[in-house]
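Working notes for the structure below.
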Amino acid sequence: MEAVPKLPIGQWVEGFVEVLGQYKGVLFDPLSIVISAMVTYCSTVLAEIPSLILILLLGAAAWVFAGRASMVFTVIGLSLIHNLGYWDETIETFGLVLTATMISIVIGIPVGILCARHDTFRNLVTPVLDLMQTMPAFVYLIPAIFFFGLGEVPGVIASVIFALPPIVRLTNLGIRQVPAEMEEAADAFGATGWQKLVKVQLPYAKSTILAGVNQCIMLALSMVVIAAMIGAKGLGADVYRAVSQVDIGRGFEAGLSIVIIAIVLDRLTQYAGKKERNT
Amino acid sequence: MEAVPKLPIGQWVEGFVEVLGQYKGVLFDPLSIVISAMVTYCSTVLAEIPSLILILLLGAAAWVFAGRASMVFTVIGLSLIHNLGYWDETIETFGLVLTATMISIVIGIPVGILCARHDTFRNLVTPVLDLMQTMPAFVYLIPAIFFFGLGEVPGVIASVIFALPPIVRLTNLGIRQVPAEMEEAADAFGATGWQKLVKVQLPYAKSTILAGVNQCIMLALSMVVIAAMIGAKGLGADVYRAVSQVDIGRGFEAGLSIVIIAIVLDRLTQYAGKKERNT
Amino acid sequence: SSQNTNTQIPTATVVGPIASETSDNALGEKLDYKIIGIDAGAGSMVKTEEVMNLYGLDKWQLVEGSDAAMTAALIKAYEAKEPIIITGWTPHWMFKKMDLKYLADPKNGFGGPEQIHTIVRKGLKQDQPAAYQFLDKFWWEPADMESVMVQMIDGKDPEVAAAEWVKNNEAKVAKWVEGIQPVQKEKLTLAYVAWDSEIASTHVVEHVLEQKLGYEVELSQVQTGPMWAGVAIGDVDGMVTAWLPSTDTSYLEKFGGQIKDLGPNLDGTKIGLVVPSYMNISSIEDLK
Amino acid sequence: MSKMKVHQLTKVFGKHPELALKLLTEGRTKEQIYKQTGQSIGVNQVSFEVKEGEIFVIMGLSGSGKSTLIRMCNRLIDPTSGSIEIDGEEIVDMKAAALREVRRKKLGMVFQNFALFPQRTVRENVEFGLEIQQVPPGLRQEKAREALALVGLAEWENAYPDQLSGGMRQRVGLARALANNPDILLMDEAFSALDPLIRKDMQDELLELQMTMKKTILFITHDLHEALRLGDRIAFMKDGQIIQIGRPEEIMADPADEFVRKFVEDADLSRVLIAENVMKRAEAITPDKGARVALQLMMDNGVSSLYVVDKKRTLLGLITAYDVSLAIGTGDSLEKIMKTDLPTIPPDARLHSLFPMMADLHVPIAVVGEQQRLLGVIVKGAVLGGLVGKVNVQEHQRAEVMSDGSRA
Amino acid sequence: MSKMKVHQLTKVFGKHPELALKLLTEGRTKEQIYKQTGQSIGVNQVSFEVKEGEIFVIMGLSGSGKSTLIRMCNRLIDPTSGSIEIDGEEIVDMKAAALREVRRKKLGMVFQNFALFPQRTVRENVEFGLEIQQVPPGLRQEKAREALALVGLAEWENAYPDQLSGGMRQRVGLARALANNPDILLMDEAFSALDPLIRKDMQDELLELQMTMKKTILFITHDLHEALRLGDRIAFMKDGQIIQIGRPEEIMADPADEFVRKFVEDADLSRVLIAENVMKRAEAITPDKGARVALQLMMDNGVSSLYVVDKKRTLLGLITAYDVSLAIGTGDSLEKIMKTDLPTIPPDARLHSLFPMMADLHVPIAVVGEQQRLLGVIVKGAVLGGLVGKVNVQEHQRAEVMSDGSRA
Ligand SMILES: Nc1ncnc2c1ncn2[C@@H]1O[C@H](COP(=O)(O)OP(=O)(O)OP(=O)(O)O)[C@@H](O)[C@H]1O
Ligand SMILES: Nc1ncnc2c1ncn2[C@@H]1O[C@H](COP(=O)(O)OP(=O)(O)OP(=O)(O)O)[C@@H](O)[C@H]1O
Ligand SMILES: [Mg+2]
Ligand SMILES: [Mg+2]
């Protein structure tokens, strides 16, 4: 074993990154522009709305989707963030996380569906997912800066890389758990693959897929500090600043704001799945 | 809204941390000793075994549990790690991740079960899980050092905090998805809660719970770099160092070793769930 | 390579005539009025904010990130020969790899030069007088440190580089351990952060402690905060990597009471705004 | 002895049972109430008793609350109100641990939808109840194998439920309940997916169980013949209420209302009715009488033959008008001219079993009791009449049922 | 016209069908093969044809391959070998898109295990097939409501399947298949969970559908009476093979083997058999003959009455031995003494419907065809004989079935 010389994988990767860098304009700039626009759109739209009104709007949404307790929590939680003085940062973080989540959902659910349908595809995708979740963000953040510069964009990309896998995995799982008899019923009526998916598999797998979306949101939120390390604004930067200054209290406050966003989003997604039958 | 003075939450937290610190000896030292022993045990046992033999052993396990393709991957992957010169670090990381995963499973599955049984408990636990996953590790790393010192122990604790929630969530989901008729059948035969759990619910929910374990492993592995920031040894430290020096190649190599561990563990857990029926 | 690079930037979105390109306006716009900083809340970041106020750089913005991100951004710009302004410090390997320069600080906003201090836990003096005495005496020059760093950047293991340096500087080392009674395999833990300068110094110290004083040293690579906290709670016996008075100032404030500061082990470090040499500005005032 | 006593048991699905019950008393139908309030009436004030060793069959329209009722008996569904006693113990407010004991020891259930465990093999499914009671593996495997052999699935013990056909799955569910050997079997359409042959085997098995082990069985079925064959008593449900309980013959003879009548009108009565139900009075004469008297008797009663009996009505023979008119000439005694190899049947012979005999016979069939006592006579017309429900249910029979609850 | 043609269809579950088939030809039983190889024989070389507008019933033991067979007809299960043609198109190797079209337009299925969609309301379940065909919402709701009304669940359209009883769920599955209005209905024990009343309604509905819409129906059932009532033809399966196909009467009269005989022996024949099956030759005389001739005829044939018919065997009346002996004295013509208000029935009257009439009657019943042509006579003994299977299936009847495939 010792006989084999060390493979120069590191160099290959560096070479690869360099090559990629040459096609930056074609490969990454459009992506960069789109993501940047999305984040900006999300945060500016939200920032436009007066905080009080936004809090009430979100509270109302929570009421409709998730019931009264959630509404109370949403209003109190967001007010607390406001009180602590993290409102603007919260909006920025919202923008970042929503963008990352949306991208993850848009990519993750279809990929998860394909995984559920094709074993080979699943077998190919799984190690990639493992890689996405365990390759430390720090490792690819540096190349990400080469390609996307500092700021929100690499933050969103890192979040997507980390937060996408649970959606794929749980979509795959959920669809595979659909009982055979239900798929047979759909087949027997001549459903196309798409109809079977939309009318039978996805509705049945909903709670599992939503668990994936929930994990996705959580992981995206857990990346905000990392995102802050490459220049994304928002609560992550506050946390990081507080941490650098060994200010546990302030760090906790900013962290708490992230947690409140997490709980609000969690409520909304989880209950959205259940609020259907009212008997 | 503006009228309310800023709540001194940060101060409360700091005060709380201080109080906790006073009971360190009672609260945290025993924990610290146990975790430290576990990590050391895992890594020393593994470190004792000659690398070649360990690789073959793991390959054999992969064959038995997960089939030939996994065996091939395991052997090649681990040999690659060896070739890259990260063997010792890999063993240390293994120790850390296995410990964190085991603790997460031991705590997470029972909590998940309770969540599935009691809506109120679930409603109380969910925000805590949200907190655990989204409160940035950086915020509690310094307090963690106060309680547990530098090294593996706070690393394991941070990993558990981050990696535990998916197990709880997916255990809860899996058990809630058990069809009512199956639980009724168990009830009708006079099964105790425990019997129903062990003989009906857990077997039925297995694939969902395993998805939780899988996520747990992934998240624990994703924490190795954070763990390295507070003195845990292993691959995370290599990544961290490489990143500090903007050495993409070396960072990638160490990161790749983590990914290989992830894929091997993923294979083992996922297929373990399926390898039962052989018709 | 401090040639004028302006004409080499094809993508430059220059508004004014070529002649005014060197004016702050053009540069500012090109840089989007961004100075690339490091970790939010780090001492040098706080200092830089002060300096920016001092010079009235209201239009400019200090981007928070991390040192790795900053370095990456610097490399990226440097390779493309594009302008960039960063918050930098020496000793740092980037000065070895690239041709960089500090912007002049006529108002002395960044204050005097930084020092690197040795910090040990309380009670080390009683527990390990030998190590304490050595650490107290440990003091060297930036040139010493750099010679270790250069070796490391060339691919040597830190241990090897440190051992070689000690071999080549026996006289200096002898002074550090002069009159100290070696011990029998006592254990000692040192913490450090994974920057080249700290890796270099810590490994030299480790080498001396082990070879000359009979200690068994364990090194713990951590982040800055945990490093200070580790010393403060006595989990770590000491470290030789505290940047004071600016960079690590908040840690000193926080943990000052729980540690023992043995004073500087190196003088002549520096923080400030750094640009590639090819850039056509030389003073912070030029940014206005 | 009463094994199970259900009193005023009610179940309303939904959050406002009072509302639903109120509307019900106002005469709304279940459907209207469901549409109006979303509450669904499962069972409405049902009372009955099941005796030890009895097979109590429940029939009724789809959705009439049979499953709900049977599932309340082991508290899979908690009743809205009412009481259920098993062996004198109240089940409804029983503590969890006690309830578990009752379920383990006394109650076995076969589910309408089978409710097998998909991740267990067939044998592991059947072992389940024993496993729950911590029977050691060797013993429980043995019992499971026995139960599987009983339902004809011995070879399939290592298959998984999804590899079985519908009827095979149902039998696994059956074996699972039987393996446990409970006092009371709750069987919800337990044979509905079985073919007639296996079904009949299973019915026989059940009757055997009842006879030898004195099992008490609650049995839901939609098959009237099954109900008639198995049931000691049958209850008819409609809209959550029991509208009639009775022995099979009682129900056939005297349906409580139009609904029950329609339910049973399709029955193949020949399998339910016994000779007693359709026999006519047998005209008889003692052998000491002369031929002239006999002829006179025949003319009076408009018959062409007479049975000859002794004082205790023991059947001796049959004389026909033709033979009698000859005997008047010769002076032969009735004993001399009577035919003695007569077709006779016991009073509890099923009608169906008489058909082959009667098809070719030109004399009526005598129904005789103990010691050849003549009880009555069966003529073809009466059999055909019986098949369309013209039967005589005698009072003493009813009384008998009431007093010991077992089959006549 | 043949709607569906199945040829040598075989299905083995498992990975090595050849092995299993080989063992099968060596005479091993299904169970043995399963135990030995883990391969399970679903269907073994089955061939049959179903004509347009025919109800083709499949019966057989539990696990004999009925469901497997019917599920291969719409390719839910892919056959191991063999061919299936629908309207002359081969289904087995059809491309996905074409198969989808066939399933949408031509095939409807009711599943043994219902297979409802739990997250859809009852109405949404019923709409499913139409939704798949992109029928606009308004129209499909309407059709779904109609189908639900048909199965008696109109009020439950907004309930979810888990709120329904077993039988109600089954009816939802039925409505779902009917709403689609397919040419061919594949019904796998579609009525097994229904009570007799609703079941009868559903059977009537099915017969109506067959009559008015010329639907072709494959129907699996375990209920022999249902099979006899619905089936134009019945196929019996055992161990994956069809061992007999025939019209109900043929099967009753002439079971192919012991297995089928046992299967049908429990049938209530009175619901299957018609007068024709049990009638005897009617002794008759033309009115131009004299009383003496009539009496001689009676004595020759050992009967006590004779029918009077004209040259075309049109029934005119009945003369009895008693009346004839009087007429010999008075010299009255047969026409004068014959009774004319006679009980008559058509040859296809079900036996069951004769029972009330026969119970009190003392004369035999005449079976008359068109224009009162005398075909035969029914005596009580023959009816009882019929009930135990002594029937006459006439050749011309069989021929008739063969040529047009519809009910007599
Ligand atoms: N979980 C439930 N939620 C709401 N309504 C229910 C529920 N279970 C049963 N019902 C209603 O209770 C009534 C009785 O149902 P049950 O299952 O007892 O009928 P059943 O007599 O067993 O019918 P079947 O012969 O069709 O099985 C039905 O109207 C049904 O809609
Ligand atoms: N998925 C499967 N895997 C393996 N074997 C199967 C599978 N499905 C059916 N079988 C086997 O095929 C045979 C026929 O099953 P099928 O379901 O067709 O029976 P059936 O005639 O419909 O019986 P039932 O009346 O009980 O529904 C059975 O022996 C069964 O074990
Ligand atoms: Mg029911
Ligand atoms: Mg079947």
Side-chain angles (χ1 to χ4, degrees), chain A residues 1 4 6-7 9-11 13-14 17 51-52 79-80 82-85 123 126-127 130-131 133-136 138-139 142-143 162 165-166 169-170 173 177 207-208 211 214-215 218-219 221-222 224-225 236 239-240 242-243 246-253 255-256 258-259 261-263 266, chain B residues 1 4 6-7 9-11 13-14 17 51-52 69 79-80 82-85 126-127 130-131 133-136 138-139 141-143 162 165-166 169-170 173 177 207-208 211 214-215 218-219 221-222 224-225 236 239-240 242-243 246 248-253 255-256 258-259 261-263 266:
Chain A
M1 219 152 153
V4 183
K6 176 174 183 298
L7 295 174
I9 290 191
Q11 283 166 37
V13 170
E14 287 186 16
V17 168
S51 55
L52 189 64
S79 303
L80 178 64
H82 197 279
N83 171 282
L84 293 175
N123 292 344
T126 312
D130 295 342
L131 184 141
Q133 280 200 293
T134 54
M135 178 59 77
F138 299 94
V139 171
I142 308 286
F162 191 54
R169 291 187 210 269
L170 288 166
L173 178 69
Q177 283 175 338
S207 65
T208 306
N214 164 284
Q215 270 307 286
M218 295 301 136
L219 296 191
L221 278 165
S222 79
V224 295
V225 176
V239 170
Y240 200 49
V243 168
V246 211
D247 190 339
I248 300 176
R250 262 207 309 131
F252 185 82
E253 285 179 0
L256 191 66
I258 299 178
V259 172
I261 299 179
I263 298 178
D266 187 9
Chain B
M1 217 149 150
V4 184
K6 177 175 181 302
L7 297 173
I9 290 191
Q11 284 166 36
V13 170
E14 287 188 14
V17 168
S51 55
L52 188 63
S79 303
L80 179 63
H82 197 280
N83 172 281
L84 292 175
T126 312
D130 295 342
L131 185 140
Q133 281 201 294
T134 54
M135 178 60 78
F138 297 92
V139 171
L141 280 188
I142 304 271
F162 190 54
R169 291 187 209 268
L170 288 166
L173 177 69
Q177 283 175 338
S207 65
T208 307
N214 164 283
Q215 271 306 286
M218 295 300 135
L219 297 191
L221 277 166
S222 79
V224 294
V225 176
V239 171
Y240 188 48
V243 168
V246 201
I248 301 176
R250 264 209 306 132
F252 184 83
E253 284 178 2
L256 190 66
I258 300 178
V259 171
I261 300 179
I263 297 177
D266 186 9

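Convention: sequence-line order gives letters A, B, ...; per-chain numbering from 1. Nothing here was measured: the structure is a model prediction, and the numbers come from that model.
- The CD atom of A:Gln215 sits 9.0 Å away from atom CG of A:Asp266, with the distance rounded to the nearest 0.5 Å.
- Of the listed residues (B:Leu221, B:Leu173, B:Ile261), the one with the most heavy-atom contacts under 4.5 Å to chain A is B:Leu173.
- Rounding to the nearest 0.5 Å places CE of A:Met135 at 4.0 Å from CZ of B:Phe252.
- Your options are A:Leu7, A:Thr126, A:Asp247, and the one with the most heavy-atom pairs under 4.5 Å with chain B is A:Leu7.
- Counting heavy-atom pairs closer than 4.5 Å to chain A, the top-ranked of the candidates B:Val224, B:Val243, B:Ile248, B:Thr208 is B:Ile248.
- For chain B, the option among A:Gly249, A:Pro165, A:Pro143 with the highest count of heavy-atom pairs below 4.5 Å is A:Gly249.
- Taking chain B as the reference chain and counting heavy-atom pairs below 4.5 Å, the highest number among A:Val239, A:Ile258, A:Ile263 is found for A:Ile263.
- In this structure, the portion of B:Leu219 lying under 4.5 Å from any heavy atom of chain A is its side chain and not its backbone.
- Note that CZ of A:Arg169 is 5.0 Å distant from CE of B:Met218, once rounded to the nearest 0.5 Å.
- Of the atoms belonging to A:Leu170, it is side-chain heavy atoms, and not backbone ones, that fall under 4.5 Å from chain B.
- Atom CG of residue B:Leu84 and atom CD1 of residue A:Ile9 lie 4.5 Å apart, to the nearest 0.5 angstrom.
- Only the side chain of A:Val13 comes within contact range of chain B, with at least one heavy atom under 4.5 Å from a heavy atom of that chain.
- Taking the six-membered ring for Trp and thresholds of 30 and 60 degrees, B:Tyr240 and A:Phe138 have ring planes more than 60 degrees apart, a perpendicular arrangement.
- Proximity to chain B (any heavy atom under 4.5 Å) is restricted, for A:Asn214, to the side chain, taken from C-beta onward.
- Of the residues considered (B:Pro136, B:Ala211, B:Gly236), B:Pro136 shows the highest number of contacts with chain A, using heavy-atom pairs under 4.5 Å.
- The minimum heavy-atom distance between B:Ala242 and B:Gly251, with the atom names listed, is CB-N, 3.4 Å.
- With a 4.5 angstrom heavy-atom cutoff, A:Leu131 touches chain B via backbone and side-chain atoms both.
- Proximity to chain B is limited to the side chain of A:Glu253, based on heavy atoms less than 4.5 angstrom apart.
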